[in-house]
Amino acid sequence: MDWKALLGLGSSSQTARLFNKVNKKHIPKHIAIIMDGNGRWAKARNLPRETGHRQGVEALRSIIETCVELKVDHLTLFAFSTENWKRPEREIQALMSLLVEYLHKELPELHKNGVKIWALGDIDGLPSNTAQEVRKAIKHTEKNKGLQVNIAINYGSRAEILRAVRNIVEDILGHRLSITELSEDLILCYLYTAGIPDPDLLIRTSGEMRLSNFLLYQAAYTELYFTDKKLLWPDFDKRELLKAILEYQKRVRKYGGIDEQDGG
Ligand code: IPE
Ligand code: IPE
Ligand code: MG
């Protein structure tokens, strides 16, 4: 007899309980995730790092489903950084093929759920079959109106800012833009995330307390949520996402001002 389940303590009933607790009127519009810990997950099981990445991709399904269910507008996933090229060739190749495989396999289901795929980063700098698959997924889902999944791949925030500066300077020199038009919001328009609202909630798994060159400009007022180091990305599930959202819902966002309730 499964006494835990009978007493309502099973993990699915716990998930349902957390789901009910979430305030559906205060869902973060944009959630960004640094999916970290695939390597450690594999190491703990004496498996190759590639297996950890594969398991990490598996974890994505329920996270995307939950975001669709909660009507989140944007989910941004850090899949490969500009610094990840430092990794062994074999691991890089495995990551690239996994992305191709994932997009190929999951596209029909994502499309059915109204998901719109977008990419952040230097797509031209990817192996050509990876770039092709990413472009295909974007084209295929471009008219969808549901959750937008932004895949950050070959993405680095500093490279993104440098690219923005270059394009701004070019536009100024080409007389398409004047210096007086420059503003904080205009800079946003030159980033890969142009048109996408800043993230409300940024989650990083595996206990690492850093941003690792992710969305540095955009995350100026984002609520950060770091999981315990024992919680590695392949183990991150619906329940953990709901916990992060519940924590977000407790935060008071002040943007440099004062809490409205303290304002008198
Ligand atoms: C995150 O997992 C996935 C990518 C960076 C692509 P890691 O591969 O960084 O896992 P750890 O940090 O080594 O455990
Ligand atoms: C950040 O994780 C990049 C991705 C999750 C894709 P890393 O594992 O590369 O970051 P560091 O090296 O620990 O800072
Ligand atoms: Mg890592």
Side-chain angles (χ1 to χ4, degrees), residues 30-64 67 74-103 105-106 117-123 125-127 129-131 133-134 137 149-162 191-193 196 199 201-219 222 224-237 240-241 244:
H30 181 176
I31 301 176
I33 309 184
I34 303 179
M35 309 180 289
D36 198 16
N38 296 348
R40 276 162 279 178
W41 186 93
K43 196 170 177 208
R45 290 161 181 77
N46 267 320
L47 295 167
R49 292 179 60 84
E50 289 74 17
T51 312
H53 294 312
R54 184 167 284 281
Q55 206 56 41
V57 171
E58 285 300 314
L60 267 180
R61 197 169 298 121
S62 80
I63 299 309
I64 293 180
C67 287
H74 286 272
L75 174 66
T76 298
L77 302 164
F78 205 3
F80 192 88
S81 77
T82 44
E83 288 72 34
N84 287 148
W85 296 109
K86 290 178 195 159
R87 296 190 178 203
E89 185 58 34
R90 191 189 129 137
E91 182 172 344
I92 295 172
Q93 272 181 16
L95 283 165
M96 294 298 153
S97 342
L98 261 175
L99 183 75
V100 171
E101 188 187 317
Y102 172 77
L103 288 175
K105 236 174 55 192
E106 299 286 324
I117 303 284
W118 187 243
L120 313 175
D122 179 14
I123 303 307
L126 293 170
N129 66 324
T130 312
E133 202 64 38
V134 170
V149 175
N150 306 301
I151 310 173
I153 172 163
N154 197 14
Y155 173 89
S157 204
R158 288 185 170 189
E160 175 186 44
I161 292 168
L162 174 63
L191 300 177
Y192 287 121
T193 48
I196 299 172
L201 169 64
L202 187 149
I203 299 169
R204 182 171 190 154
T205 53
S206 307
E208 239 61 74
M209 305 277 188
R210 55 176 172 262
L211 292 179
S212 301
N213 205 12
F214 191 44
L215 304 174
L216 302 182
Y217 193 87
Q218 299 88 334
T222 297
L224 307 179
Y225 180 88
F226 298 99
T227 73
D228 184 82
K229 71 175 190 306
K230 288 197 287 292
L231 185 69
L232 308 168
W233 173 252
D235 296 324
F236 193 83
D237 57 9
E240 295 299 333
L241 178 62

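Atoms within each ligand, like the ligands themselves, are counted from 1 in listed order. We count residues from 1, following the sequence as given.
Contact annotation for Arg49 and ligand 1: only side-chain heavy atoms (C-beta onward) come within less than 4.0 Å of the ligand. The proximity of Lys229 to ligand 1, defined as any non-hydrogen pair under 4.0 Å, does not occur for either the backbone or the side chain. Of the heavy atoms in Ala79, only backbone atoms (N, CA, C, O) come closer than 4.0 Å to ligand 1.
Below 4.0 Å from some heavy atom of Arg87 lie the following atoms of ligand 2, by number and element: 7 (P), 8 (O), 9 (O). For ligand 2, the atoms sitting less than 4.0 Å from at least one non-hydrogen atom of Ile34 are 1 (C), 5 (C), numbered in the order shown with element in parentheses. Here is the list of ligand 2 atoms found below 4.0 Å of a heavy atom in Phe80: 6 (C). Near Asn84, the atoms of ligand 1 lying under 4.0 angstrom from a non-hydrogen atom of the residue are 5 (C).
Note on Arg158 versus Glu83: no salt bridge recorded, every NZ/NE/NH1/NH2 to OD/OE distance being 4.0 Å or above.
Compare Met35, Arg204, Glu208, Arg210 by their heavy atoms: the one nearest to atom 10 (O) of ligand 2 is in Arg204.
Not a single protein heavy atom sits closer than 4.0 Å to atom 12 (O) of ligand 2.
Side chains of Ser212 and Arg204: a donor-acceptor N/O pair is present below 3.5 angstrom, by distance only.
Residue contacts with ligand 2: Arg40 is excluded, as none of its non-hydrogen atoms falls under 4.0 Å.
For ligand 1, the polar-atom distance check against Gly39 finds a nitrogen or oxygen pair separated by under 3.5 Å. On a distance-only criterion, Trp41 and ligand 1 share no N/O pair closer than 3.5 Å.
Taking the side chain as every heavy atom from C-beta outward, Thr82 and Asn154 approach each other to under 4.5 Å. Within the 4.5 Å cutoff, no side-chain heavy atoms of Arg45 are placed close to those of Gln55.
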Checklist entry - Under the side chain to side chain contact (heavy atoms under 4.5 Å, CB included) criterion, do Leu215 and Thr222 qualify, and how do the steps go? => result CA-CA 10 Å; Leu215 304 174; Thr222 297; over 6 Å; no
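For the Mg ion (ligand 3), the neighbouring protein N/O/S atoms at less than 2.8 Å, given as residue and atom, are Asp36 OD1.
The shortest contact between atom 14 (O) of ligand 2 and any protein heavy atom is with Ser212 OG, 2.6 Å.
Using cut-offs of 30° and 60° for the angle between ring planes, the Phe78 and Phe214 rings count as parallel.
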